[in-house]
Amino acid sequence: MSITIDLHTHSNESDGTDRPGEVVENAIAVGITHLALTDHDSIAGWQDALDHRSDAISLILGAEISCQTTDALSVHMLGLLFDPENIDLRNAMDQTRDNRITRMERIVGKLQEAGIEIVIGDVYAELREGATLGRPHLADAMVKKGIVKDRSEAFEKYLHNRSKYYIPDASPTPENAIRLIKDAGGVAIIAHPFASLRGRIISPEYLESLVEAGLDGIEINHRDHNEGERDALRVMVRRFGLIATGGSDYHGTGKENRLGENTTEPEQLERIVARATGFAPVGG
Ligand code: AMP
Ligand code: ZN
Ligand code: FE
Ligand code: FE
């Protein structure tokens, strides 16, 4: 049987649109055999995903940890197979989710100042209780208000990282996130590090410093990396003996990304599983 490994997906416990169990079911339906659920700063979806465990799919549970460098660059760190009971990592995710609320109020305030009619309640109306708040929920509110036609237009016109309305989220540094994930027995993979179309990106030198800080791997196969960026990352992976991964960054109907559109090689997943001490793959 052929193996298809997708190590980056979101449910409606953050800014995806499928329930966690639906992500699992939809992944099985398209032939994915190994799936990581990686909601932003949350493990709230793990249980529903586990409730949908099946012989058809191996679940590699994790989260995508929001980070900010000391010079205010946004970085995302995938943490896989960490201990969900680890208190320091839980507290860090809780703190980031809290900070996302103040941040959203400030973004909405800036939009209001520019004459755009939106209030924070409109944003909350788009958020599932307890889910991680993010710009996609604001985008959904703007769609409801008729300000834009879809999430993509909202990001293009108002919400992208170079927008005057943008505010980064207050979150741990990448170095801290790596430490937190690894102390919880997990594996730390930096998500889409060279995705320049998203905004300002980290330098190769800084990425090298994260390797010294304990980074385990790099997500290379991702929609937002062009060929040149993938090549540059392959060089880094080879030079430092890092794990290379790929994932779809599926968000249900919230984004065009299709499950399995970018994947991870089996031997790379084997390295992740061998290194993790916090949690094991379930099902499959
Ligand atoms: P935040 O977590 O609030 O910083 O928002 C970032 C999220 O917005 C990421 O998960 C992206 O997947 C999502 N995003 C970025 N650009 C777009 C876009 N053009 N359309 C839909 N979602 C997007
Ligand atoms: Zn997202
Ligand atoms: Fe990300
Ligand atoms: Fe993501």
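For ligands, and for the atoms within them, numbers begin at 1 and follow the listed sequence.
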_Assess the residue pair Val123 and Leu133 against the criterion (side chain to side chain contact (heavy atoms under 4.5 Å, CB included)); give the C-alpha distance rounded to whole Å, side-chain angles, the decisive distance to 0.1 Å, and a yes or no._
CA-CA 9 Å; Val123 182; Leu133 177 64; 3.8 Å; yes

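- Between the side chains of Glu64 and His76, at least one donor-acceptor pair of N or O atoms lies under 3.5 Å.
- Heavy-atom contacts of Gly134 reach the following atoms of ligand 1: 3 (O) (cutoff under 4.0 Å).
- Per-residue contacts place Gly254 under 4.0 angstrom from the following atoms of ligand 1 (heavy atoms of the residue considered): 21 (C).
- In summary, the side chains of His52 and Glu22 do not present any donor paired with an acceptor at a separation below 3.5 Å, with no hydrogens or angles considered.
- Under the 4.0 Å criterion applied to side-chain N and carboxylate O atoms, Lys145 and Glu117 are not assigned as salt-bridge partners.
- In Asp15, the part holding a heavy atom less than 4.0 Å from any atom of ligand 1 is the side chain.
- Among Ser171, Ser66, Ser14, the one residue that satisfies the side chain to side chain donor-acceptor pair (under 3.5 Å) test with Asp41 is Ser66.
- The shell of residues lying under 4.0 angstrom from ligand 1, judged by heavy atoms, includes Arg100.
- Listed by chain and residue number, the protein N/O/S atoms under 2.8 Å of the Fe ion (ligand 4) are His8 NE2, His10 NE2, Glu64 OE1, Asp249 OD1, with waters left out.
- Between Asp216 and Lys182 there is a salt bridge, since at least one side-chain N of the basic residue sits less than 4.0 Å from a carboxylate O of the acidic one.
- At a 4.0 Å heavy-atom cut-off, ligand 1 touches Arg103 through the side chain alone.
- The shortest contact between atom 11 (C) of ligand 1 and any protein heavy atom is with Lys255 NZ, 3.5 Å.
- Heavy-atom proximity to Pro136, at under 4.0 Å, picks out these atoms of ligand 1: 5 (O), 7 (C), 8 (O), 13 (C).
- Between His251 and ligand 1, a contact under 3.5 Å exists for at least one N or O pair.
- For His34 and Asp6, the side-chain atoms include no donor-acceptor pair closer than 3.5 Å.
- The six-membered or imidazole ring of His222 lies near that of His8, with a centre-to-centre distance under 6.0 Å.
- Side chains of His251 and Asp15: a donor-acceptor N/O pair is present below 3.5 angstrom, by distance only.
- Residues passing the salt bridge (charged side-chain N to carboxylate O under 4.0 Å, His left out) test with Arg238, sequence neighbours excluded: none.
- A salt bridge links Arg223 with Glu256: the distance from a Lys NZ or Arg NE/NH1/NH2 to an Asp or Glu carboxylate oxygen falls below 4.0 Å.
- The heavy atom nearest to atom 4 (O) of ligand 1, considering only His76, Arg135, His40, is found in Arg135.
- Nearest to atom 15 (C) of ligand 1 among the protein's heavy atoms is Phe155 CE2, 3.4 Å.
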